[in-house]
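The sequence lines fix the lettering, A, B, ..., with proteins before strands; numbering per chain opens at 1.
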Protein chains: 2
Amino acid sequence: MSTQDSLGEQASHGPQGLPGTHHTPSAPATPSAQERLVRSTQELLWERGYVGTSPKAILERAGVGQGSMYHHFTGKSGLALAAIRRTAEGMKAAAEECLSAPGTAYDRVAGYLLREREVLRGCPVGRMTQDRDVVRSAELREPLDEMFGWLRGRIGGVLAEGQQRGELAPGLDPSATAATVAAVVQGGYVLARAADDTAPFDAAVRGVLSLLATQVTPGTGSTR
Amino acid sequence: MSTQDSLGEQASHGPQGLPGTHHTPSAPATPSAQERLVRSTQELLWERGYVGTSPKAILERAGVGQGSMYHHFTGKSGLALAAIRRTAEGMKAAAEECLSAPGTAYDRVAGYLLREREVLRGCPVGRMTQDRDVVRSAELREPLDEMFGWLRGRIGGVLAEGQQRGELAPGLDPSATAATVAAVVQGGYVLARAADDTAPFDAAVRGVLSLLATQVTPGTGSTR
DNA sequence: GTCTATAAAAAGATAGAC
DNA sequence: GTCTATCTTTTTATAGAC
């Protein structure tokens, strides 16, 4: 082993469809084999999950030989770790962009909920929680835990801030409501995939937004 | 092929932990090989998903030989179809028990949300929506679609009924709110599994119930 | 660093005995 | 009906050439 699972890697960004794909100015036109391996793994984990993704499929998509993979990573799990970390970071950045936008707390949460998503493909991070091998590995689960923990905290922070500003009813529990908002998105994906239709996702979002709207103090500038 | 995937099977009920495990009086003490195969598959699909479940593992858990499986079923997919149908029926029955309980609309929905669940194991039906091979097969996806469609409709019906009785605010959208409630449960599982902790699930449920409570007309008998 | 060759094990199914 | 033997393909790695 040599470069083995470069952990502190902050490198560039995600592949096709994955959040956080704005190119760093210094990003090379032709990504390295290591980089292509990570991106291929991100895509495949999203599409097929951990058990459903074989090293062979990764190599084929990345267009590299088997030797490259075992040179840069310990194997499937090491590569998955790098990919999951990368994906989780991308999701975080995408969510932060919505939640740090200007506007009332309601507007910002609504912005997050209504943000464009490839609903039928599901959440690349949430997807991993259904994979036994991922959840059972403390190392592989950590990025998921971190990401969703951060998300709930961030949404809760936005709601608490809105409450302090008098935009939201004092009775609202920011932390619990934040969990609800995050759950609606993840559960919306499940309902949509079961129906092979985005409508249930949209309905779930509409429902929680309507409920949240009833907690908005009249005349505090929200554009409901 | 002979008995091949007995479709109209209404047979008995699910295995360990799976909803709908109340024994039919006429259920035999020693289940048939076919029955044991279905139950083993239900368990394994829940634990490992479709891709993660091998025929070998099913056979070992059921304690039967390979011949039995290919005699009664077309193969892995046929067996999975029987198992998924069985599991979906069980979930439906379990939900109906809560939703048809006496009380106000709020109470019944709360009863559904607060019903005892093995949160960290996730939803055996929702789990399937993350499996590529399941969702891509019209036949395998159908029971999921049916189950979640029914659930949203049933919850929506309870809410609409409560609204007509004057228990709930006229502004509430029963259909959208029903999707939200169902999504919160499914998403709650995701958050809990990411954290390896049931707390996020409970918080999400608490959050949506608090929001729903604000829609209850005072003095209509709800035990919030 | 990246490639190909080789290999032990598991997946998924078939054949045929009993 | 149920079992075991056989078989092909895929999985996941290791070894070693370049």
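Side-chain N/O atoms of A:Y189 and A:R127 include no donor and acceptor closer than 3.5 Å.
The two residues A:S40 and A:I58 come nearest to each other via the heavy atoms CB-O, 3.9 Å.
Per the geometry, CG belonging to B:L79 stands 11 Å off P belonging to C:dA13, to the nearest Å. Atom pair A:L59:CG and C:dG1:P shows a separation of 18 Å (rounding to whole Å applied). With rounding to whole Å, A:D133 atom CG is found 13 Å from D:dT11 atom C1'. Atom-to-atom, CZ of B:F73 to C1' of C:dG12 comes out at 16 Å; the value is rounded to the nearest Å. As a whole-Å value, the separation of B:K56 NZ from D:dT9 P is 20 Å. Straight-line distance from the NZ atom of A:K76 to the C1' atom of D:dT12: 9 Å, rounded to whole Å. In this entry the distance linking OH of B:Y70 with C1' of D:dG1 reads 17 Å, nearest Å. Whole-Å rounding puts the B:H71 NE2 to C:dG16 C1' distance at 15 Å.
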Exercise. Would A:R48 and A:E43 satisfy salt bridge (Lys or Arg N to Asp or Glu O under 4.0 Å), going step by step from the backbone distance to the final call?
Worked result: CA-CA 9 Å; A:R48 311 186 189 178; A:E43 294 176 8; over 6 Å; no
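Regarding contacts with the backbone of C:dG12, every side-chain N or O of B:S54 stays at 4.0 angstrom or more from both OP1 and OP2. In this structure, B:H72 reaches the D:dT2 phosphate: one of its side-chain N or O atoms is under 4.0 Å from OP1 or OP2.
With A:R108 as reference, A:E161 is the one residue of A:E97, A:E161, A:E96 to meet the salt bridge (Lys or Arg N to Asp or Glu O under 4.0 Å) rule. A:E146 pairs in a salt bridge (Lys or Arg N to Asp or Glu O under 4.0 Å) with only one of the listed residues (A:R141, A:R152, A:R85, A:K92), which is A:K92.
Both A:T53 and B:G65 sit near DNA chain D, but only B:G65 has its closest nucleotide nearer the 5' end. Both B:S68 and A:V51 lie near DNA chain D, and the one whose nearest nucleotide falls closer to the 5' end is B:S68.
Donor-acceptor pairing under 3.5 Å, judged by distance alone, is present between the side chain of B:Q66 and the base of D:dA5.
Residue A:S32 is classed as having no contact, given no heavy-atom separation below 4.0 Å to the nucleic acid.
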